[in-house]
Engineer: 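Please find one structure pasted underneath; my questions will follow.
First listed ligand is number 1; within each ligand, the first listed atom is number 1.
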Amino acid sequence: SGTQLMTVERRKAVWAIYVWCRRTDELVDGPNASYITPTALDRWEKRLEDLFEGRPYDMYDAALSDTVLKFPVDIQPFKDMIEGMRLDLWKSRYRTFDELYLYCYYVAGTVGLMTVPVMGISPDSKASTESVYNAALALGIANQLTNILRDVGEDARRGRIYLPMDELAQAGLTEDDIFRGKVTDKWRRFMKGQIQRARLFFDEAEKGVAHLDSASRWPVLASLFLYRQILDAIEANDYNNFTKRAYVGKAKKLLSLPMAYARAAVAS
Ligand SMILES: CC(C)=CCC/C(C)=C/CC/C(C)=C/CC/C(C)=C/[C@@H]1[C@@H](COP(=O)(O)OP(=O)(O)O)[C@]1(C)CC/C=C(\C)CC/C=C(\C)CCC=C(C)C
Ligand SMILES: Nc1ncnc2c1ncn2[C@@H]1O[C@H](COP(=O)(O)OP(=O)(O)OP(=O)(O)O)[C@@H](O)[C@H]1O
Ligand SMILES: [Mn+2]
């Protein structure tokens with residue numbers, strides 16, 4: 001049927017956006033990361049502009065070109081993601097949560113803004129467009145905050161601290177505590193607060209899911225459930241995110257799918 005076809009088109013479009021995001025992230029996180037300069041990111045941005053104007057360089061660009069022709073996707077969040085990669089080239093400390101929030105917007109909140117025009121807002125929804133975008137933004141922020149809390153040790157070994165320095169100081173913690181990586185009561189208390197805040201963003205996002213077009217609801221909810229469980233896994237590791245990777249087991253992962261499916265069905 002027409003709606004079925006629509007679903008296929010949407011899936012392809014989300015895939016094209018995903019591939020572009022992965023490739024953008026790979027520029028600064030991948031094997032060639034040490035050669036990446038601001039100039040390379042400028043070239044990547046020029047290439048983005050070209051594909052938005054219907055001049056793709058390769059087949060992956062072409063998939064995104066096609067997507068932006070079919071769906072009302074704005075170029076700004078894509079540019080903002082590149083801006084986040086620029087930040088990552090020189091910035092390795094965040095003074096306040098506001099600074100961190102901006103970084104999270106650039107590298108992950110943008111994904112929400114890119115995908116909503118593809119996934120669509122439910123015709124039955126009485127929510128404002130703005131509130132749906134805000135929820136999508138919140139999911140990106142929640143995911144990135146969770147990613148940061150999971151990877152504290154890994155990031156520290158690369159000399160990076162993506163935690164607000166002022167909040168660390170308030171908790172009586174220093175940079176060296178992060179580099180030493182010892183789980184203390186101070187650390188546990190600090191982490192509890194950080195986890196609590198990340199959960200607020202997940203809650204905010206969850207409220208928006210019901211307003212997405214019905215076909216898009218359950219995959220979004222599944223990814224939300226899955227990622228949110230990483231926070232539970234950090235707790236289960238007794239807040240040792242220095243040397244233990246918080247991991248959601250296969251059984252829990254699989255269970256997220258029918259749970260999301262059921263919840264999305266109830267909401268529709
Ligand atoms: C259905 C669905 C979930 C669609 C989104 C698919 C999509 C386009 C994903 C792109 C993700 C990506 C590759 C972003 C590049 C930057 C990056 C790596 C961000 C981090 C993702 C996690 O990746 P990973 O754990 O592999 O990180 P490492 O580099 O390995 O450390 C992020 C943490 C953020 C990704 C952000 C999202 C998936 C936000 C999704 C938001 C929506 C789909 C909006 C939903 C709408 C409402 C109303 C709630
Ligand atoms: N079982 C899981 N528990 C928690 N998160 C998971 C799990 N499986 C996948 N993920 C998330 O999905 C992302 C991509 O999955 P993938 O299997 O490529 O991970 P990875 O290669 O181990 O991650 P990284 O790129 O950070 O080394 C992971 O970085 C992680 O955020
Ligand atoms: Mn990362």
Engineer: Step by step, would you call Arg199 with Asp203 a salt bridge (Lys or Arg N to Asp or Glu O under 4.0 Å)?
Structural biologist: CA-CA 6 Å; Arg199 286 194 174 124; Asp203 294 346; over 6 Å; no
Engineer: With the threshold set at 4.0 Å, does a side-chain nitrogen-carboxylate oxygen contact exist between Asp155 and Arg160?
Structural biologist: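 Salt bridge absent between Asp155 and Arg160.
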Engineer: Do Arg95 and Asp166 sit within salt-bridge range, that is, some charged N less than 4.0 Å from a carboxylate O?
Structural biologist: no
Engineer: Can you list the ligand 1 atoms lying under 4.0 Å from a non-hydrogen atom of Ile17?
Structural biologist: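 Here the atoms of ligand 1 in question are 8 (C).
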Engineer: Salt bridge or not for Asp66 and Lys70, using N-O below 4.0 Å?
Structural biologist: yes
Engineer: Going by an N to O cut-off under 4.0 Å, is there a salt bridge joining Arg93 and Glu175?
Structural biologist: yes
Engineer: Indicate yes or no: does an N/O atom of Asn147 lie under 3.5 Å from an N/O atom of ligand 1?
Structural biologist: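 There is such a contact, yes.
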Engineer: Under 4.0 Å from a heavy atom of Val220: which atoms of ligand 1 are those, numbered in the order shown and with their elements?
Structural biologist: 45 (C)
Engineer: State whether the shortest distance between N or O atoms of Tyr227 and N or O atoms of ligand 1 falls below 3.5 angstrom.
Structural biologist: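 So ligand 1 has an N or O lying under 3.5 Å from an N or O of Tyr227.
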Engineer: Which atoms of ligand 1 have any heavy atom of Ala205 under 4.0 Å away?
Structural biologist: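 Listed by number with element: 49 (C).
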Engineer: State the atoms of ligand 1, each with its element, that fall below the 4.0 Å cut-off from a heavy-atom position in Asp151.
Structural biologist: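 Those atoms are 31 (O).
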Engineer: Is there a donor-acceptor pair closer than 3.5 Å between any side-chain N or O of Thr110 and the backbone N or O of Met81?
Structural biologist: no
Engineer: Could you tell me whether Arg217 approaches ligand 1 through its side chain, its backbone, both or neither, with non-hydrogen atoms closer than 4.0 Å?
Structural biologist: neither
Engineer: Which residue is it: Val116, Thr115, Val209? I am looking for the one with a side chain to side chain contact (heavy atoms under 4.5 Å, CB included) to Val220.
Structural biologist: Val209
Engineer: Check each atom of ligand 1 against the heavy atoms of Asn143 and keep those under 4.0 Å away; list them by number with element.
Structural biologist: 33 (C), 34 (C), 36 (C), 37 (C), 38 (C), 39 (C)
Engineer: Check contact between Met114 and ligand 1, using heavy atoms of the residue and a distance below 4.0 angstrom.
Structural biologist: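 No; Met114 lies far enough from ligand 1 that no heavy-atom distance drops under 4.0 Å.
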Engineer: Just by distance, with hydrogens left out, do Asp177 and Thr174 show a side-chain donor and acceptor under 3.5 Å apart?
Structural biologist: yes
Engineer: Please could you name the atoms of ligand 1 that Gln144 approaches to less than 4.0 Å, counting only its heavy atoms?
Structural biologist: 19 (C), 20 (C), 32 (C), 33 (C)
Engineer: Side chain, backbone, both or neither: which applies to Val107 and ligand 1 if a contact is any heavy-atom pair less than 4.0 Å apart?
Structural biologist: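 The answer is the backbone of Val107.
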Engineer: In terms of atom number and element, which parts of ligand 1 are under 4.0 angstrom from non-hydrogen atoms of Ser223?
Structural biologist: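 The atoms of ligand 1 under 4.0 Å from a heavy atom of Ser223 are 3 (C).
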